[in-house]
Amino acid sequence: MGTINVGSPDGLTSVKIGGGGSERAAIKGIYYSGTIAVSVPSITDPDIAKVDVSLAAMTFAPAVGDAIIAIPLEALPTNARLQGAWINATDQAQLTFGSEGGNVTGAAKNFGFIIIDLT
């Protein structure tokens, strides 16, 4: 199968999705990071911990205001729960992990990230 391109061939304009008005989003692109190692922290139950993850290896520079979906590519440590992710600086995401049912022993885990360029 080939690639289907939606939007302008020069990449200078965006695709608008939605019915209209202020809720319609201009999406400049959707990107996938490939595999990135994330250090899931050790957490004493019940608590949360935040981890900054560099996205600088991507050819696109994510920025505050872009949407992100964090995808664990393997099982998280026992009792660890991924609670959220956001782009907190250019080329950087912040992931929040929590503990549920016991302490979490930190470990490096592989993630993929889908980033929607809205800025």
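Everything numeric here is computed off the predicted structure, so don't read it as measured data.
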Close side-chain approach of Pro62 to Ile115, heavy-atom, < 4.5 Å: yes
With Phe60 via ring-ring contact (aromatic ring centres under 6.0 Å, His included) - residues at least two apart: Tyr31
Heavy-atom check, side chain of Asp117 versus side chain of Ile30, under 4.5 Å: no
Single-linkage hydrophobic cluster, 4.5 Å side-chain cutoff, Leu95 and Trp86 together: no
Test item: side-chain donor near acceptor, Asn88 and Asp52, under 3.5 Å: yes
Asn79 side, atom CG; Thr44 side, atom OG1 - distance, nearest 0.5 Å: 11.5 Å
Closest contact, heavy atoms only, Ser42 versus Gly106: OG-N, 2.9 Å
Heavy-atom pair of closest approach, residues Ala26 and Leu118: O-CD2, 3.7 Å
Distance-only side-chain donor-acceptor flag, Thr119 / Asp66, under 3.5 Å: yes
ILVMFWY cluster, Ile114 and Leu73 together (side-chain gap under 4.5 Å): yes
Derivation and outcome, side-chain contact (heavy atoms from CB on, under 4.5 Å), residues Phe113 and Ile71: CA-CA 6 Å; Phe113 297 95; Ile71 306 164; over 6 Å; no
Nearest heavy atoms of Lys50 and Thr96, plus distance in Å: CG-OG1, 3.8 Å
Beyond-backbone contact of Thr105 with Thr78, side-chain heavy atoms, under 4.5 angstrom: no
Between CD1 on residue Ile43 and CZ on residue Arg81, distance to nearest 0.5 Å: 10.5 Å
Pro72 and Leu82, any side-chain heavy atoms less than 4.5 Å apart: yes
From Leu76 atom CG to Lys109 atom NZ, the distance as rounded to the nearest 0.5 Å: 7.5 Å
Joint hydrophobic cluster, Tyr32 plus Ile69, side-chain heavy atoms closer than 4.5 Å: yes
Exercise: identify the closest heavy-atom pair between Asp45 and Ser99: OD1-OG, 2.9 Å
Under 3.5 Å: donor-acceptor pair, side chain of Glu74, backbone of Asn110: yes
Closest heavy-atom pair and its distance - Val40, Ala80: CG1-CB, 4.4 Å
Nearest heavy-atom neighbours spanning Thr90 and Ala61: CG2-CB, 4.3 Å
Contact check, side chains of Gln83 and Ile48, non-hydrogen atoms, under 4.5 Å: yes
Test item: Val104 and Phe97 side chains (from C-beta on) under 4.5 Å apart, heavy atoms: no
Single-linkage hydrophobic cluster, 4.5 Å side-chain cutoff, Phe111 and Met58 together: yes
